[in-house]
Amino acid sequence: MAKKLLLIDGNSVAFRAFFALHNQLERFTNADGLHTNAIYGFNTMLDRMIKAVEPTDMLVAFDAGKTTFRTKMFDDYKGGRAKTPGEFSEQMPYIKKLLDAYGIQHYELKDYEADDIIGTLAGQADAAGYTTTVVTGDRDLTQLTTDQTTVAVTVKGVTEVERYTPEHVQEKLGLTPTQIIDMKGLTGDTSDNYPGVTKVGEKTAIKLLKAYGSIEGVYENVDGMKKSKMKEHLIEDHDLATRAKVLATIKRDAPLTVGLADLNYSGPDVDQLTDFYTEMGFQSFLKKLHVATDEPAKPIDYTVLTRDNLTQLDQFKDGKQLDFYLEMPTPNYHTSAFAGFAIGADGQWFISRDVELLLAENVQALLSSQTVKKDVFDMKRTMVGLNRLGIKLGAVDFDLLLVSYLLDTNDNSNDLGSLAEQHDYTELQSDETVYGKGVKRAIPDDDQVFFSHLAHKLAAIAALKPKLLKELTENEMAGLYDDIEKPMATVLAQMEMAGVSVDSGTLKAMGSQFKERLSEIEQTIYQEAGEEFNINSPKQLGHILFEEMKLPVIKKTKTGYSTAVDVLEKLAPQAPIVANILQYRQISKINSTYVEGLLEAIHSSDQKVHTRYLQTLTQTGRLSSVDPNLQNIPVRLEEGRKIRQAFVPSHAGWQIFSSDYSQIELRVLAHITGDHNLQQAFKDGEDIHAATAMRIFNLPSAADVTPNIRRQAKAVNFGIVYGISDYGLSQNIGITRKQAKSFIDAYFREYPGVKTYMENIVKTAREQGYVETIAHRRRYLPDIKAKGFNQRSFAERTAMNTPIQGSAADIIKIAMIKMQDRLKAEGLKATMLLQVHDELIFEAPKEEIPVLEKLVPSVMDSAVKLDVPLKVESHFGDTWYDAK
DNA sequence: GATGTCACG
DNA sequence: ACGTACGTGACATCC
């Protein structure tokens, strides 16, 4: 196995940890009065790094004492430093004790600093082909960076690190890692108290090194430099620079008495660590430790169900409730195999791997019964799964997944075990623990292991039901659950099962056209660039555009030059290659995601795609769609829109019918803010963007609203919904920040109710910790009180946006439930297929189209009663493309 | 697995 | 001065 070495600069990280938690110094003491903040912080860092690196070998290096070869060389090395606080020193022995419990080597060497130990080992590790990570709080160690050695420097506290690779050093400083030593030589180091060349700081040093490569190079050329103060200083301080370089150079050949062979890391000694945490009073680590150490599952009673004992289930016939769980090993329940099931109540659990047993008459009767209530985890998944076996699931009472999502959208997991644990039910292991993860994930062969896991799942559902339903009622969300989300799950299951027919012939034809065009554009681009490269690689593309072709850099990303559309659009006039790249990107996106991706998703059995709507994912209450995502099929640009021609009705003589809410979010805004002017505009049926334009730009008549002015007003309207900032608006429509600010001020002046609402909703969020939608859907916003401006601002914008986006989601969900009822009640063949946030898409026999044209809008616009009217527009045609 | 990019509302 | 629009998912690249 590949060796991965983690080297930690003990003193430096401990010191960082001490100061990161310095303001909490008095909170962090154990029963004996020992300060523990540095130990705690060190442990946190250790856990994170071990998790991130997954090292096979580890060592923590410490400084040995006051004197080192550096102080021998220069008395005042690290002189003038403030005395180490006693509260810090007292913790050092315990950090070493912590390391012992972790089974991690630690080492110090007389006359050498921790850096030198690390430098030496990292060098040996590179030579031996290890991958090495160095953790330190000291930027100087970045000189150790190589292709195999990454240096992670702590920033802000100890848990966040900046990773230096040779590329990152190059990008940040424009230097190679070894040139960092020369830089330190030129600049000196005030914290280590040694001077370099007078008046030479980082900037000057980098410039010199870029020109001459090294300190030696600088001095070889110093005579030829033109006369300047800098030249004088360089000559005058030559000795200082030479000495500083030696001081800054980390030893790669310290006489260590440990070697790579001694560093094997195989995990902590849990007993020893438990004792240590107990001594330190680290409750949270104690808890984590015992969660992390896969405790064996608690024994649980269950009965293996067979053909011979099926009648035992008849005891539940007259029962009021029954727990049921159907295990499918992969996420996509439209295609997953069946691994088994569990059924029962009140601690009587019946388990089997054989889902055929569910087809037995008495079992089917229980599942489809309208009087025997079922408690499950993920009813939609269960319904679709059972449907594949030809079984209906009737009368679901409690869906643990759905309820726990509603209670807190933040901690939603799709794993029953993790979810149960979040609600303090710890007897159920996670699927990852029992089944494994990644390629190793598999249903256990061992019946005992698998069956007890399934039995535990039922036990968890049963145990959590009363508690969670009580919380739901306390939070006024019982109605949301009973009247919206639960029926919604059934409707969604039906839509998913129905699926949408996709004409693969159309897609394939489009695909070959796209491929042809792509290779043409590709050749043009290569010619314009003068070389071949991977256009899909932002890294290579950035190199070509900004280094080879020297185009101006407009925006940078974390890792390099940004090549996003807005950047490329600005560059397009300067070089023809840019327009071609944009074209290439557009087509390649359409082809890979929507032609090839969609073709992959077509079920060969019925030539349809069956998406899965994720009902318990978004923070606002919207749905999301995966596998394939049918909520982002292109529409804005004609090129992509053509993809919709491949979405066709599943029967001859049928058509696609679509209805969408017009401006639903702005209508919701008008409703919940109660703003008179905004409400009036909708009541009068005005063009809302034009109306806003007239108001904020103070235009006398509708004739004065030019398309451009309307576009700007539209952006302001959107901005308001998103929780506006002047900067955001200015970026969006390309105006100055000041102009944007004046637009916003004007908006709030004209719509004062909106202003009051925005102020109040943020205040409410701060006071109660959450915001809610018209259907009482909650979103908790813990960051609303965050110290960081950025975090807090984000939470504030979210507080403004969520009630709007979320209420719109509530409305269309209600409409969908009513719609499905009406289709059935009216005896229509029309089928609801898709939901795209504010629109519903159906397929129907041509004859039913006139019916739908009346029925769908009337159901949608009467779904809820708002203070403003809801408006719905409809379209239809032979394909989704034509329903426009 | 993270990152950048781009498709949608 | 902070550094930004809200909510999603899929793909390709590169480590």
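Note on naming: letters A, B, ... go to the chains in the order of the sequence lines (proteins, then strands), and numbering restarts at 1 for each one.
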A.B. asks: A:D726 has an atom CG; how far is it from atom P of C:dT4, in whole Å?
C.D. replies: 14 Å
A.B. asks: Are the side chains of A:L866 and A:I811 in touch, meaning some heavy atoms are under 4.5 Å apart?
C.D. replies: yes
A.B. asks: At under 4.0 Å between heavy atoms, what does A:I804 touch on the DNA or RNA strands: base, sugar-phosphate, or nothing?
C.D. replies: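 No contact.
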A.B. asks: Using a heavy-atom cut-off of 4.0 Å across all strands, would you classify A:T802 as base, sugar-phosphate, or nothing?
C.D. replies: nothing
A.B. asks: With sugar-phosphate meaning primed atoms plus P, OP1 and OP2, does A:E665 contact a base, only sugar-phosphate, or nothing at under 4.0 Å between heavy atoms?
C.D. replies: nothing
A.B. asks: Considering only NZ, NE, NH1 and NH2 on the basic side and carboxylate oxygens on the acidic side, decide whether A:R441 and A:E432 come within less than 4.0 Å.
C.D. replies: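 Judged by the 4.0 Å cut-off on N to carboxylate O distance, A:R441 and A:E432 do not form a salt bridge.
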A.B. asks: Reckon A:G723 touches a base, only the sugar-phosphate, or nothing at all at heavy-atom distances under 4.0 Å?
C.D. replies: nothing
A.B. asks: Check whether any side-chain nitrogen or oxygen of A:K539 sits under 4.0 Å from OP1 or OP2 of C:dA12, and answer yes or no.
C.D. replies: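 Answer no for this pair, as no side-chain N or O of A:K539 is under 4.0 Å from OP1 or OP2.
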A.B. asks: Are A:Y747 and A:Y751 close enough that their ring centers fall under 6.0 Å?
C.D. replies: yes
A.B. asks: Before accepting this row, confirm whether a basic side-chain N of the pair A:E638/A:K642 lies closer than 4.0 Å to the acidic partner's carboxylate O.
C.D. replies: yes
A.B. asks: If you look at every strand shown and take non-hydrogen atoms under 4.0 Å, does A:A799 touch a base, only sugar-phosphate, or nothing?
C.D. replies: nothing
A.B. asks: Taking only Lys NZ, Arg NE, NH1 and NH2, and the carboxylate oxygens of Asp or Glu, determine whether A:D882 and A:R644 approach each other closer than 4.0 Å.
C.D. replies: no
A.B. asks: What distance, rounded to whole Å, do you find between the two P atoms, one in B:dT3 and one in C:dT4?
C.D. replies: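 That atom pair is separated by 14 Å.
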A.B. asks: Write down the atom of A:Q631, the atom of A:Y613, and the distance for their closest heavy-atom approach.
C.D. replies: NE2-CE2, 4.1 Å
A.B. asks: State whether A:E665 and A:R622 are salt-bridged, where the test is any N-O pair (Lys NZ or Arg NE/NH1/NH2 against Asp/Glu carboxylate O) under 4.0 Å.
C.D. replies: yes
A.B. asks: Report the distance from atom CG of A:L541 to atom P of C:dT13, rounded to the nearest whole Å.
C.D. replies: 12 Å
A.B. asks: Can you spot which of A:L480, A:V491, A:L623 makes a side-chain contact (heavy atoms from CB on, under 4.5 Å) with A:K813?
C.D. replies: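 Going through the options one by one, the only one that passes is A:L623.
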A.B. asks: The side chain of A:I724 lies closest to which of these nucleotides: B:dA7, C:dA5, C:dG7?
C.D. replies: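 Selected nucleotide: C:dA5.
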A.B. asks: Under 4.0 angstrom, heavy atoms only, what part of the nucleic acid is A:N632 near: base, sugar-phosphate, or nothing?
C.D. replies: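 Contact class for A:N632: base.
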A.B. asks: Students often get this wrong, so: under 4.0 angstrom with heavy atoms, is A:R636 touching a base, only sugar-phosphate, or nothing?
C.D. replies: base
A.B. asks: Can you check the distance between C:dA5 and B:dC6, where both ends of the measurement are the P atom (answer in whole Å)?
C.D. replies: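 It works out to 15 Å between them.
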A.B. asks: Rounded to whole Å, please give me the gap between OH in A:Y584 and C1' in C:dC11.
C.D. replies: 13 Å
A.B. asks: Expressed as a whole number of angstroms, how long is the span from A:I535:CD1 to C:dC14:P?
C.D. replies: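 That distance rounds to 13 Å.
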A.B. asks: Check nucleotides 2-4 of chain B for protein N or O atoms closer than 3.5 Å to its own N or O atoms and list the pairs.
C.D. replies:
unit_1, atom_1, unit_2, atom_2, d
B:dG4, OP1, A:T557, OG1, 3.2
B:dG4, OP1, A:K558, N, 3.3
B:dG4, OP1, A:T559, N, 3.4
B:dG4, OP1, A:T559, OG1, 3.2

A.B. asks: Backbone N or O of A:L630 within a donor-acceptor pair of the A:S625 side chain at under 3.5 Å?
C.D. replies: yes
A.B. asks: Please report, rounded to the nearest Å, how far the P atom of C:dA10 is from the CD1 atom of A:I643.
C.D. replies: 16 Å
A.B. asks: Do any N or O atoms from the side chain of A:D415 and from the backbone of A:D431 form a donor-acceptor pair under 3.5 angstrom?
C.D. replies: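 Yes; judged by distance alone, with no hydrogens or angles, the pair exists.
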A.B. asks: Rounded to whole angstrom units, what separation is found between the OH atom of A:Y613 and the P atom of B:dG9?
C.D. replies: 14 Å
A.B. asks: Should the ring pair A:H334 and A:H603 be called parallel, tilted or perpendicular, given that the plane angle runs from 0 to 90° and is split at 30 and 60?
C.D. replies: perpendicular
A.B. asks: Expressed as a whole number of angstroms, how long is the span from A:I590:CD1 to C:dA10:C1'?
C.D. replies: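 Rounding to the nearest Å, CD1 of A:I590 and C1' of C:dA10 are 14 Å apart.
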A.B. asks: Just checking, is any N or O donor in the side chain of A:T620 or A:Q805 under 3.5 Å from an acceptor N or O on the other one?
C.D. replies: yes
A.B. asks: Look at A:N801 and C:dG7 and indicate whether a side-chain polar atom (N or O) is within less than 4.0 Å of OP1 or OP2.
C.D. replies: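 No.
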A.B. asks: What parts of residues 614-626 of chain A reach DNA chain C, counting only heavy atoms under 4.0 Å away?
C.D. replies: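 Those residues whose heavy atoms fall under 4.0 Å from DNA chain C, taken from residues 614-626 of chain A in numerical order, are A:L614, A:L617, A:T618, A:Q619, A:T620, A:R622, A:S624, A:S625, A:V626.
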A.B. asks: Any strand counts, and the cut-off is 3.5 Å on both contacts for Watson-Crick or G-U wobble. Which nucleotide pairs with C:dC2?
C.D. replies: none
A.B. asks: Establish whether the base of B:dC8 is bridged to the side chain of A:Q631 by a donor-acceptor pair shorter than 3.5 Å.
C.D. replies: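 By the distance-only test, no, there is no pair.
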A.B. asks: Report the C-alpha separation of A:D810 and A:R777 in whole Å, then their side-chain angles, then the decisive distance to 0.1 Å, and conclude whether the salt bridge (Lys or Arg N to Asp or Glu O under 4.0 Å) test is met.
C.D. replies: CA-CA 8 Å; A:D810 294 343; A:R777 185 190 304 281; 3.0 Å; yes
A.B. asks: Would you tabulate the nitrogen or oxygen pairs shorter than 3.5 Å linking the protein to nucleotides 1-3 of chain C?
C.D. replies:
unit_1, atom_1, unit_2, atom_2, d
C:dG3, O6, A:R737, NH2, 3.2

A.B. asks: Counting any heavy atom closer than 4.0 Å, what does A:V721 reach on the DNA or RNA strands: base, sugar-phosphate only, or nothing?
C.D. replies: nothing
A.B. asks: Rounding to a whole Å, what distance do you find between A:I811:CD1 and B:dG9:C1'?
C.D. replies: 15 Å
